[in-house]
There are 2 protein chains.
Amino acid sequence: MNSDVSLAKRPLRADAQRNYDRILEVALEVFTQSGIQASLDDIACQAGVGPGTLYRHFPNRECLLAAALDESWRGLARTSDDLMTATDAGRALRSWLIEISHHMGVYGGLPDSVAKAFSDDQSPLAPRCSLLGKSTSGLLARAQDAGAVRQDVTADDLLTIANSLAWATDKNGSSQDDVARLLDIFLAGLR
Amino acid sequence: MNSDVSLAKRPLRADAQRNYDRILEVALEVFTQSGIQASLDDIACQAGVGPGTLYRHFPNRECLLAAALDESWRGLARTSDDLMTATDAGRALRSWLIEISHHMGVYGGLPDSVAKAFSDDQSPLAPRCSLLGKSTSGLLARAQDAGAVRQDVTADDLLTIANSLAWATDKNGSSQDDVARLLDIFLAGLR
DNA sequence: TGACAAAGCGGAGACACTCTCCGTATATTC
DNA sequence: GAATATACGGAGAGTGTCTCCGCTTTGTCA
């Protein structure tokens, strides 16, 4: 059952590892600059490899994106751990939602992929998303226990809102302040 | 009002008009079924015309989309007129926002185009969007006068939210009820 | 009614992008 | 320094957008 990662799976050949790293590095740059719809062939070219090499390492755009997000999302996980110990659970939840919205804005078009991943277990992003869900559930529960948020709200609701607002900023180029403002209106409605 | 048709601009030749109508008819069907990202060449083919003919009448996807939305959005305008005379201004605003969200769901992917159009005056959808803005402003003002909504909220805020929620439903396939629920939370925060 | 210009048609094809296949090259192992 | 597993990369198939231009149809006017 645990065949996929643990056993076998010898390390990549040196040249393959080099290419893998280089592709990821370029992808990060290109996604940041042009959004996640950038041409993959172009990324391969900029990384100095052929398209075949890119697709061998990352069979599709989602896989590359998942890898490109990993570091950033690890930071998000650490943030959630920190917030779980904050004294004001209500404010902690607010900070968390703003944090998520910001992270969804690192690459243009990211909220789209994340939304898809939320409702598709097969997506390479799905495991990351479910971690996000767990963190949100934890922070929400604390806020609800503290009486800062009413009981009939789910973590999915909050993620939907945070992602939707990130999407809106992404699309019409409004500022992070606007996100926070709309989020605050929403949070006011949650009491 | 009807300036685009009345002066100069002689009427289309009979065959051209026939094709125009047919393309629009097919586009409506295909957009409804497959979303606005459907292949335009495919629409042309289904309409029994060559791609050249489609692109002559509708130079790009946005133009075709704008035409395909016209009738539906005229209905939206009538709804807003009705709501302007409703006695409960707060509830009227709520109905209006729900109505907008629903209309954004007629074609998969529509919220994306609408969001782009909101921040791009050149978009063929822009005039329609600004009408939407006017209606929303009117209904918002009434709700604010009635004390149902606080003063520091703008029509843009409301449109952003309505469209974002429509986008979220579109993406993760949640129900219209979910939209209404999230919208209600938001509206609760507006008081 | 028939001829002529204007209007319109449609499909070939340029261009862009995704993704695969497979002959060739390189790293690793013994 | 082979032998073998591993990886490379580019040609090209498939799909989609959009344009160009030679040919066809329509409307008009004598």
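Every chain is numbered from 1 and lettered A, B, ... according to where its sequence line falls, protein lines coming before strand lines. When reading the values below, keep in mind they use all heavy atoms of this one structure, side chains included, and skip hydrogens, waters and symmetry mates.
If you check every strand for non-hydrogen atoms under 4.0 Å, A:Pro51 touches a base. As judged by a 4.0 angstrom heavy-atom cut-off over every strand, B:Arg61 is placed among residues touching the sugar-phosphate backbone only.
In this pair, A:Tyr20 and A:His57 present their aromatic rings perpendicular. The plane angle is above 60°, beyond the 30 to 60° band.
When the P atom of C:dC19 is taken as reference, atom CG of A:Asn60 falls 6 Å away, rounded to whole Å. We find that CD of A:Glu62 is positioned 14 Å from C1' of C:dT18, with the value rounded to whole Å. Atom CG of A:Leu64 is separated from atom C1' of C:dC19 by 14 Å (rounded to the nearest Å). Between B:Arg56 atom CZ and D:dC18 atom C1' the separation is 13 Å, expressed in whole Å. Taking atom CD on A:Gln17 and atom C1' on D:dT6, their separation rounds to 14 Å, with Å as the unit. Per the geometry, CZ belonging to A:Phe58 stands 18 Å off C1' belonging to C:dT20, to the nearest Å. Put simply, OH on A:Tyr55 is 17 Å from P on D:dA11, counting in whole angstrom units. Going from atom CG of A:Leu54 over to atom P of C:dC19 covers 10 Å, rounded to whole Å.
Annotation for A:Arg191: atom CZ does not count as buried by contact number, only 12 or fewer foreign heavy atoms lying within 6.0 Å. Atom CZ of A:Arg181 has more than 12 neighbouring heavy atoms from other residues, nucleotides or ligands inside a 6.0 Å radius. The neighbour count for A:Arg91 CZ, taken as heavy atoms of other residues, nucleotides or ligands under 6.0 Å away, does not exceed 12.
Judged purely by atom type and a 3.5 angstrom limit, B:Thr53 has no side-chain atom pairing as donor or acceptor with the backbone of B:Val49. Here the side chain of B:Tyr107 pairs a donor or acceptor atom with the backbone of B:Ala68 at under 3.5 angstrom. Within the 3.5 Å criterion, the main-chain N or O of A:Gly108 finds no donor-acceptor partner in the side chain of A:Asp170.
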Output one line per pair: protein atom, nucleotide atom from nucleotides 24-30 of chain C, and distance, for all N/O pairs under 3.5 Å.
from, atom 1, to, atom 2, distance (Å)
C:dT26, O2, A:Arg13, NH1, 3.0
C:dT26, O2, A:Arg13, NH2, 3.4
C:dA27, O4', A:Arg13, NE, 3.3
C:dT28, OP1, A:Ala14, N, 3.3

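Within residues 37-47 of chain B, the residues that have a heavy atom under 4.0 Å from DNA chain D are, in order of number, B:Ala38, B:Ser39, B:Leu40, B:Asp41.
B:His57 has no side-chain polar atom (N or O) that falls below the 4.0 Å cut-off from OP1 or OP2 of C:dG8. One finds no side-chain N or O of A:Thr53 lying less than 4.0 angstrom from the OP1 or OP2 phosphate oxygen of D:dA7. When the side-chain nitrogen and oxygen atoms of B:Asn19 are compared with OP1 and OP2 of C:dC9, one or more of them lie within a distance under 4.0 Å.
A salt bridge between A:Arg74 and A:Glu71 is absent, with no side-chain N of the basic residue lying under 4.0 Å from a carboxylate O of the acidic one.
Using modelled atom types, one finds a donor on one side chain and an acceptor on the other under 3.5 Å when comparing A:Ser80 with A:Ser135.
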